[in-house]
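Down below is the structure, laid out as structure tokens.
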Amino acid sequence: MSGKNDFIIPGCDKNGNLLGWRSIEIGGMVTEAGNSRTYETGSWRNEQPVWNADTCIDCMMCWLGCPDTAIITKEGHMAGIDYFKCKGCGICVEQCPTDPKSLTMLPEEEAKDLSLEEKIKTAFNKE
Amino acid sequence: MAKKLSFLNKLALNKESLEGGHRLCPGCGHSIIIRMVLNTALQEGYQPVMSNATGCLEVCTGLYPYSSWNIPWIHNAFENAAATISGAEAMYRSLSRRGKLDNDKIVFIAFGSDGGTYDIGLQALSGAAERGHRFLYVCDDNEAYQNTGNQRSSATPYGTRTTTSAVGAIDPIGKKQKRKEIVEIMGAHGIYAAQASPSHWMDLIKKVKKGLKQNGPAYLNVIQPCTTGWGYDPKDTINYAKLAVETCIWPLYEIENRRSKVNVKPKNKLPVEAYLKGQKRYAHLFTPQGKETLERIQKLTDERWEFLLEREKAGF
Amino acid sequence: MSKRVALSGNEAAAHAIRQINPDVIAAFPITPSTPIPMNVSQFIADGKMTTEFVTVESEHSAISACVGASASGGRVMTATSANGLALMFEILYIASGMRLPIVAPVVARALSGPLNIHGDFSDVYGVRESGWVELFCQDSQEFYDTIIQGVRIAETESVLTPVMPIADGFDISHTVENWYMEDDEAVKEFIGEYHPKFSLLDTKHPVTFGAWAPPDWYYENRRNQLEGLLSAYEATKKIDQEFGEKFGRSYGVIEKYRSDDAELIVVGMGAVSGTIKDAVDQMRENGVSAGFVRVKLFRPFPYKDVIDALKGAKAIGVFDRCISAGAQTAALCTDVRSAMYGNSTVPIINYTYGLGGRDTTVEHVKEVIEQLKDAAEGKTVSPVNYINLRA
Ligand code: SF4
Ligand code: SF4
């Protein structure tokens with residue numbers, strides 16, 4: 001499922017088995033707020049945005065427009081892409097106001113085996 | 001040295017109320033809008049409690065055993081988001097009055113799409129508004145029942161193709177009725193009612209703040225482009241919202257104390273084609289048979305826009 | 001000190017609600033339960049209770065607001081009848097599914113069509129699978145007592161399930177009887193404080209109410225929910241007993257009236273019980289071994305107690321104030337037959353009665369008992385009969 005194993009998968013016991021009817025919380029309650037953060041939606045995408053910090057003006061338009069909270073922020077500033085969540089919609093690229101854009105889409109096939117630095121190089125034709 | 005924080009940087013300091021990992025379509029307008037609304041509430045120091053009508057946002061963010069919500073959240077049914085929040089708000093007042101709860105930061109937000117708001121949920125919404133509960137109702141208007149696969153609603157505009165207002169060999173039009181003007185209905189309750197767009201986020205945020213400050217109900221109608229139902233490239237969600245405003249198909253206005261104000265008046269009002277073109281639901285308009293419908297849409301749009309301007313000028 | 005009062009069943013319910021003084025009530029008027037919210041409104045206006053009263057625009061919104069309010073961590077009540085309960089149908093399942101301890105007195109009435117406003121169990125039978133506890137009362141006193149007990153039953157930790165105390169429309173709701181009203185303080189003490197397990201208003205511990213469950217989770221949730229409802233059996237017994245110790249009245253989950261040694265036993269629920277008891281007395285005077293078993297707790301169905309009470313009978317007649325359309329017998333009879341399966345082979349005969357307020361008299365019941373005698377002797381008796389219906 002998620003690749004990250006530092007949490008208990010919602011609805012599962014420690015060994016990853018789905019809970020039975022006696023073990024679940026009553027009332028269909030989900031008591032762990034925001035536990036969907038453990039669910040990977042990054043696998044949905046065909047393209048991924050790559051961020052060029054050099055030209056970024058930290059306007060946060062990408063953050064504002066992202067439907068998936070996949071823009072990472074550090075103390076309120078743009079800090080990169082969360083590829084575990086990003087669905088590759090491309091809105092962030094559309095919203096980015098800089099010229100040239102500080103975000104660009106790279107096909108997933110091309111990007112998947114690259115390191116972050118390599119991705120940035122490829123996406124922004126850097127030496 | 002720490003960089004100076006802009007308005008959006010500050011907004012981004014908040015812990016997101018809506019987590020990622022939800023199952024909304026890539027490029028979905030729902031989460032964009034709801035993030036704007038909830039981050040604004042947090043920014044203002046409020047603690048939002050939310051009720052959500054059945055619909056895309058609900059099924060994609062509350063899928064047992066997962067939840068995308070970092071705030072207290074309840075989904076009851078399709079038609080009763082407003083009634084549900086009115087119960088929560090009544091309990092809040094009761095417990096506060098009885099000294100069992102001390103928290104003046106809580107605000108109540110109910111959220112539905114056009115199906116749960118304009119149609120099946122209208123009675124509950126009207127009731128809750130009339131009773132004067134303190135809550136902000138946000139309608140993400142994607143102009144059809146998208147969760148069940150794009151069936152027409154009373155928010156679907158004239159000339160739109162949906163799966164229950166089909167276009168075919170002998171029907172070149174699609175939906176033959178005009179959309180319901182729900183902001184007028186809600187404004188007629190004597191409450192704050194406004195229309196907004198995620199493309200004009202400063203206007204939207206201002207309206208959210210205003211809505212949350214009301215000592216009673218407030219209604220916000222937000223255009224929510226739907227990549228799947230409307231048929232366009234996911235990257236264009238905010239672009240289409242912007243075009244809707246610039247063509248005056250989606251006027252940004254508000255009604256306060258029964259008086260209206262047009263908040264955004266595009267300097268260069270674009271022809272409706274600019275917005276309609278590229279959406280699959282309007283592809284039939286760009287054929288010889290669709291010409292008449294296209295013209296009628298322009299006419300309806302102009303009439304409505306002129307009416308809003310005239311009314312504002314007249315002071316109502 | 002309790003005091004003896006002469007008031008209607010609706011007033012009994014309203015006084016119970018006043019004494020419970022719930023945090024929120026959301027209700028909508030409908031005959032014959034309208035006087036309940038009317039009285040509540042007056043009590044609030046008179047400063048006799050401090051509940052937040054949400055005057056909703058429909059029963060659908062009444063129960064929807066109750067769900068929102070109950071999820072927000074306080075005590076919540078509503079009241080309704082007939083079409084109002086039918087309009088709530090969808091949300092009744094959601095309330096029980098969320099394990100919200102709402103208490104909703106229902107004044108049972110016929111469902112349209114044709115429109116009829118009188119006593120009948122069509123409404124409360126119709127929602128018997130909604131996961132609510134259903135408690136049928138025989139008079140105003142019991143309606144009053146059961147509403148108070150209902151709060152405790154619903155809020156019992158192992159139960160946490162909504163409760164519906166039920167009284168027949170008009171027969172109980174609009175009939176003035178003498179009954180005992182307990183002291184406000186004593187009632188308050190009996191029900192105690194409510195401590196919610198989860199609350200929407202606990203913003204420090206945000207929880208999600210009402211996530212949808214896909215096929216790999218719905219089943220487990222429903223089975224888990226059933227456990228709460230089934231726990232209401234023990235809880236009802238225990239709380240009823242405590243109530244008896246404190247106030248001197250208790251009812252059990254069933255009531256056995258001269259049935260221990262009876263050969264011919266009538267089974268029924270609600271207001272008709274008084275009539276049946278009179279008929280049993282008269283038959284006994286004539287040397288007929290008749291008895292009556294009144295089911296108080298209808299959901300969860302107390303099948304063990306029912307088996308125990310009926311296993312010595314030679315013929316059983318079950319009264320249903322409802323037609324379970326298309327079923328072999330109506331709901332109570334079906335439940336009794338199901339309970340007796342493997343425990344008895346005697347005839348179990350269904351008697352439909354009282355639909356839409358139709359009279360059922362002592363004479364009618366005596367005829368039934370005569371018929372049970374025939375059945376016990378091996379004579380052929382129709383398995384389903386309609387009392388006081390013109391042919
Ligand atoms: S591509 Fe879409 S999901 Fe990914 S970061 Fe950009 S806006 Fe967010
Ligand atoms: S939109 Fe572009 S410039 Fe603005 S913060 Fe995002 S990447 Fe940087």
Side-chain angles (χ1 to χ4, degrees), chain B residues 17 46-52 54 58-98 100-101 103 105-108 110 120-121 123-131 133, chain C residues 21-26 28 50-76 78 90-91 93-95 97-98 100 102 193-196 198-214 216-218 220-221:
Chain B
S17 301
Y46 296 124
Q47 296 171 7
V49 170
M50 181 170 156
S51 108
N52 202 156
T54 310
E58 169 269 316
V59 299
C60 295
T61 60
L63 200 181
Y64 192 90
Y66 290 93
S67 167
S68 302
W69 299 96
N70 281 327
I71 56 170
W73 182 89
I74 183 167
H75 158 244
N76 190 344
F78 191 12
E79 66 282 53
N80 61 5
T84 306
I85 207 75
S86 73
E89 190 261 1
M91 182 58 75
Y92 171 78
R93 269 187 287 134
S94 182
L95 296 182
S96 302
R97 186 157 49 77
R98 290 176 164 188
K100 295 186 203 166
L101 179 75
N103 185 347
K105 298 283 178 241
I106 292 181
V107 287
F108 295 92
I120 198 168
Q123 176 182 317
L125 173 58
S126 174
E130 183 271 335
R131 292 193 298 274
H133 298 277
Chain C
N21 200 15
D23 297 301
V24 170
I25 292 175
F28 188 77
T50 58
T51 297
E52 196 68 38
F53 181 23
V54 187
T55 48
V56 282
E57 82 298 333
S58 71
E59 289 90 351
H60 194 282
S61 283
I63 190 69
S64 298
C66 284
V67 165
S70 185
S72 299
R75 241 175 216 148
V76 177
T78 183
E90 176 196 23
I91 311 301
Y93 281 72
I94 295 171
M98 285 187 192
L100 300 173
I102 299 162
E193 288 281 323
Y194 170 51
H195 302 286
F198 305 107
S199 168
L200 284 173
L201 302 182
D202 181 1
T203 48
K204 284 202 188 73
H205 303 100
V207 287
T208 290
F209 279 90
W212 78 277
D216 55 350
W217 282 111
Y218 179 81
E220 279 71 21
N221 272 289

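Chain identifiers are assigned alphabetically (A, B, ...) following the order of the sequence lines, protein sequences preceding nucleic acid strands; residue numbering begins at 1 within each chain.
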Distance check, rounded to the nearest 0.5 Å: [X] atom [atom1] versus [Y] atom [atom2]?
X        : Y        : atom1 : atom2 : result
B:Ser67  : C:Phe209 : OG    : CZ    : 12.0 Å
B:Leu125 : C:Ser61  : CG    : OG    : 10.0 Å
B:Tyr64  : C:Asp216 : OH    : CG    : 10.5 Å
B:Thr84  : C:Leu200 : OG1   : CG    : 10.0 Å
C:Ser199 : B:Leu101 : OG    : CG    : 7.5 Å
B:Glu130 : C:Glu57  : CD    : CD    : 9.0 Å

Give the member of [options] that has the highest number of heavy-atom pairs under 4.5 Å with chain B.
options                             : value
C:Ile94, C:Asp202, C:Ile63          : C:Ile94
C:Ile91, C:Val54, C:Thr50, C:Thr55  : C:Thr50
C:Val207, C:Val56, C:Val24, C:Asp23 : C:Asp23
C:Gly74, C:Ala213, C:Cys66          : C:Gly74

How close do [X] and [Y] get, heavy atom to heavy atom, and via which atoms?
X        : Y       : answer
C:Glu52  : B:Ala90 : CG-O, 3.5 Å
B:Arg98  : C:Thr51 : NH2-N, 3.4 Å
C:Gly210 : B:Glu58 : O-OE2, 4.4 Å
C:Leu201 : B:Tyr92 : CD1-CA, 3.7 Å
C:Ser64  : B:Asn80 : OG-ND2, 2.8 Å

Could you check which of B:Lys100, B:Met50, B:Glu89, B:Arg93 has the highest count of heavy-atom pairs closer than 4.5 Å to chain C? B:Arg93
What residue in B:Ala88, B:Ser68, B:Gly127, B:Ala128 has the most heavy-atom pairs under 4.5 Å with chain C? B:Ala88
Given a strict heavy-atom distance threshold of 4.5 Å, which part of [X] is in contact with chain C: side chain, backbone, both, or neither?
X        : result
B:Ile106 : side chain
B:Asn52  : neither
B:Val59  : both
B:Asn70  : backbone

Under 4.5 Å from any heavy atom of chain B, what part of C:His60 do you find: side chain, backbone, both or neither? side chain
So C:Glu90 and B:Glu79, side chain to side chain contact (heavy atoms under 4.5 Å, CB included) or not? Walk me through it. CA-CA 11 Å; C:Glu90 176 196 23; B:Glu79 66 282 53; 2.6 Å; yes
Verify whether one side chain among B:Gln47 and C:Thr203 offers a donor that lies under 3.5 Å from an acceptor in the other. yes
